[in-house]
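All values below come from the heavy atoms of this structure, side chains included, with hydrogens, waters and symmetry mates left out. Chain letters run A, B, ... following the sequence lines, proteins first and then strands; every chain starts at 1.
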Amino acid sequence: MPVSNKPRTPADASKLSFEDAIGELESIIGRVEKGEIGIEQALTQYERGVKLVARCRDILNTVEQRIEELESTATPDGGE
Amino acid sequence: MRAAASLFQEAQESAPDTKKIKSTPPVTDRVTVTQLAAMIDAALKTELPAKLSVVGEVSGFHDRTHWYFSLKDAGAVVDCVMFASAARRTGSYTPRDGEEVVARGRVEYYARQGRTQLYVDRIEPVGAGALEQKLRELCQELKGLGWFDPEKKKPLPRFPRCVAVVTSKTGAALQDVVDTFRRRARFVDLLIVDVRVQGDRAAPQIAGAIARIARLSREKRRIDAIILTRGGGSMEDLWAFNERAVARAIHECPLPIVAAVGHETDTTVAELVADERAATPTQAAMRLSPDAGALLEQTEQLQARLTSLLRHRALRDRQRLRATASHPLVADPRSILRNTSSRLEASHTAMRVASRQQIASQRLRLSSLTTRLTRQRPAVVLALRKARICELRRWLGAASTGLIQRKNAYVHELARTLNATGPMNVLRRGYSVTIRADGRLIRSISDARRGDVIQTRLADGSFHSTVGDYTEKGSGNSSGESPDQDADNPPDLFKSE
């Protein structure tokens, strides 16, 4: 996911869309793995990464749940 | 139009030729009767014009195919004969006893019967000439006006519904017309307009009738055509149909007119101006009466065709309907529902699967990222860093030690090499090095003076000595001595060979 390497004011992780969150996550991990960031920053970035993971998980869970709800109302066995 | 036509064809007769009698035989000579007849005939031929016109009263008229009659006046009579061929040419005209006529012909002596006869080729009543002249003039005038033009002739209607008949109600012509229509086309309405057809009052009546009919057609009921007709008669009888008033009425009439006047051989101005001329009243009626029988047959044919076409059409339509009705969609409309239903199910399932798959794949992605992130957690990172530092330090140490060792070894090596090539070996071989007190190497006899303190270095030590006398090389010493063998004159090692 092409993300600019310029440091930006990071948006609130809990408000990001799934794609934005996971994109940023990939970018962070990439940089840390390559060792492109200093060790001090590595900690901050790690923290950020954890938050992003949480956000993604939340979204996935919510979507899955919603689908289940819809299906249960739509299918004949669910009664419509 | 016998009379009028003949007027147009009028050729000038050749002038009577007058031949003088050549000779007169003496009275006392005897001639035969035949000869006498010949003489009379010859005399007639020479004395009389070849053709002449005689005016006289007809009497004793017999029609025995050829016409036999006499022409007489107060003082004389002459026998006439008119052969059938000539008689026919007079058209409807037949001379009547007591009639004043003009007969044109040639005079011949009929020897067999001892008669002088007038062989007539043309005969007409006196005064007919005047009529003919009038007729001729009128024809020329109307022709000039274009009233006879074929382009002006209107076409007759094919299926007239109403035909006006202008004729005498007492005449045979009307009966012929009515009979013809009754026979052929009962459905045609006939409007019979009774008029005088000869005499002074005829022409205005005929003209008036035609005009009235035109107006009636315009205002009240539509009239499709007019038949103007009368039976045969003499030129005077038919004269009304040569009048200008009638011709004008016909010319101005907007309806088509069929004229049948007199016998077949009669032609009047009315017939020339009319849109069509029929030879007889019956012919006129036939021209305007469509053959009902033929029409009926045609109608029946058309009906049969129409029925057949409709039947075919109905059959085709029925087949189409059957084809449509047997179409699966029409026969079983539920199949649409079933199709759609199963498509919907398939889509639904696909959607479910797809959404589940997507979530699963995203989870997988997230999971792999999480793993990678975890690998980058600070503790791990720190540990790694530390390890790295240690390693580096070790390396540094090892590297340094190693380096020093290597350097040392190198130096040793160098020293050895140096030693090997150094002056010590040379010294060991017996050479010595002499240096001054200031440490400077003595190489030349000029480098030291008598009394200087010098040091001689040998392999294993050195001597200190004081310079005594010196000897310069080359002076008093024999040349050719090999420096190597001479201990007193050590070879100049430093001298280049």
Side-chain angles (χ1 to χ4, degrees), chain A residues 1 3 10 13-14 16-80, chain B residues 329 332-400:
Chain A
M1 186 139 316
V3 179
S14 59
L16 287 175
S17 72
F18 182 84
E19 283 305 318
D20 286 349
I22 203 165
E24 202 187 320
L25 183 62
E26 276 170 341
S27 155
I28 288 171
I29 291 173
R31 283 199 307 240
V32 169
E33 279 176 345
K34 288 203 201 110
E36 288 170 5
I37 55 180
I39 189 154
E40 301 95 334
Q41 274 191 3
L43 176 61
T44 348
Q45 292 300 293
Y46 179 79
E47 256 184 311
R48 178 89 177 147
V50 166
K51 285 210 183 94
L52 292 170
V53 165
R55 173 72 181 146
C56 290
R57 278 219 183 95
D58 274 346
I59 293 172
L60 285 175
N61 288 337
T62 308
V63 165
E64 211 166 33
Q65 190 182 7
R66 184 80 185 113
I67 288 178
E68 294 298 329
E69 279 174 17
L70 285 170
E71 288 201 352
S72 68
T73 53
T75 52
D77 7 357
E80 162 136 289
Chain B
L329 277 182
D332 181 18
R334 279 192 200 187
S335 64
I336 303 176
L337 273 176
R338 279 198 294 273
N339 274 345
T340 317
S341 191
S342 44
R343 273 171 59 198
L344 180 66
E345 275 311 309
S347 301
H348 193 194
T349 309
M351 191 178 73
R352 279 208 306 265
V353 167
S355 58
R356 286 233 172 82
Q357 267 178 358
Q358 205 201 15
I359 292 175
S361 77
Q362 296 291 37
R363 276 204 196 281
L364 205 65
R365 186 177 166 201
L366 189 63
S367 167
S368 95
L369 287 172
T370 312
T371 309
R372 283 164 65 192
L373 186 68
T374 313
R375 273 197 224 117
Q376 303 302 324
R377 67 183 184 281
V380 170
V381 171
L382 270 173
L384 280 172
R385 290 281 184 273
K386 270 198 212 158
R388 182 93 178 117
I389 290 167
C390 282
E391 193 188 328
L392 286 171
R393 206 178 50 201
R394 255 184 286 126
W395 178 84
L396 193 66
S400 328

Inset, instruction - Identify which of A/Ile59, A/Asn61, A/Ile28 forms the greatest number of heavy-atom pairs closer than 4.5 Å to chain B. - result: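 Ranked by heavy-atom pairs under 4.5 Å with chain B, first place is A/Asn61.
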Inset, instruction - Indicate yes or no: does A/Glu68 engage B/Arg352 in a salt bridge with an N to O separation below 4.0 Å. - result: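 No.
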Inset, instruction - State whether A/Glu69 and A/Arg66 are salt-bridged, where the test is any N-O pair (Lys NZ or Arg NE/NH1/NH2 against Asp/Glu carboxylate O) under 4.0 Å. - result: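 Salt bridge flag = yes for A/Arg66 with A/Glu69.
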Inset, instruction - Can you tell which part of B/Arg363 gets under 4.5 Å to a heavy atom of chain A, answering side chain, backbone, both or neither? - result: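 Both backbone and side chain of B/Arg363 come within 4.5 Å of chain A.
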Legend entry - Flag side-chain contact, heavy atom, 4.5 Å: A/Gln41 against A/Glu36: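 Not in contact.
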Legend entry - Any donor-acceptor N or O pair under 3.5 Å, side chains A/Arg48, A/Gln45: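 No.
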Inset, instruction - Tell me, for A/Glu33 versus chain B, whether the close heavy atoms (under 4.5 Å) come from the side chain, the backbone, both or neither. - result: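 Contact with chain B: backbone and side chain both.
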Inset, instruction - Check whether A/Ile67 gets within reach of chain B through its side chain, its backbone, both or neither, counting any heavy atom under 4.5 Å. - result: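 Looking at A/Ile67, just its side chain touches chain B.
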